[in-house]
Amino acid sequence: MSDTIILDSKKCNAQLLTIHADGRITVAEHLKPTETAAKVLQIMREQWMDSIQSKKIREQEDRIKRLEEAGDEMEKYCRDYYSSNRWYKAKEAKL
């Protein structure tokens with residue numbers, strides 16, 4: 001098994017984080033461990049945001065938001081208490 005470079009900086013031509021075959025983890029000497037951790041988290045977020053699953057999740061979240069907005073507008077014109085109360089309960093259950 002060989003070492004795995006997790007984060008390679010193109011800006012400074014340096015390996016920022018390496019996981020060695022024996023389980024050791026080393027970070028670049030020019031960075032503090034917290035800076036390396038922040039960069040790793042940034043890359044993970046970027047990769048997650050690009051994944052197909054996360055795109056579908058965002059699409060569903062957008063759809064839910066539009067449905068809530070439409071429901072709020074419809075509720076303004078709802079005359080009976082029962083329908084209005086059901087809408088509020090449905091919104092509270094989502095939270």
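Atoms considered below: every heavy atom in the structure, side chains included; atoms not considered: hydrogens, waters and symmetry mates.
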**Message:** Return the CD to CG distance between Q60 and L67, rounded to the nearest 0.5 Å.
**Reply:** 9.5 Å
**Request:** Start with the C-alpha distance between E73 and K76, add both sets of side-chain angles, then the distance that settles salt bridge (Lys or Arg N to Asp or Glu O under 4.0 Å), and finish with yes or no.
**Result:** CA-CA 5 Å; E73 286 298 313; K76 291 177 185 177; 3.0 Å; yes
**Within-4.5 Å side-chain heavy-atom neighbours: D62 and R66** = yes
**Asked** Should the heavy atoms of other residues, nucleotides or ligands under 6.0 Å from CD of E69 be counted, would the total exceed 12?
**Response** yes
**Message:** Less than 4.0 angstrom from a charged side-chain N to a carboxylate O is my criterion; do E61 and R58 meet it?
**Reply:** no
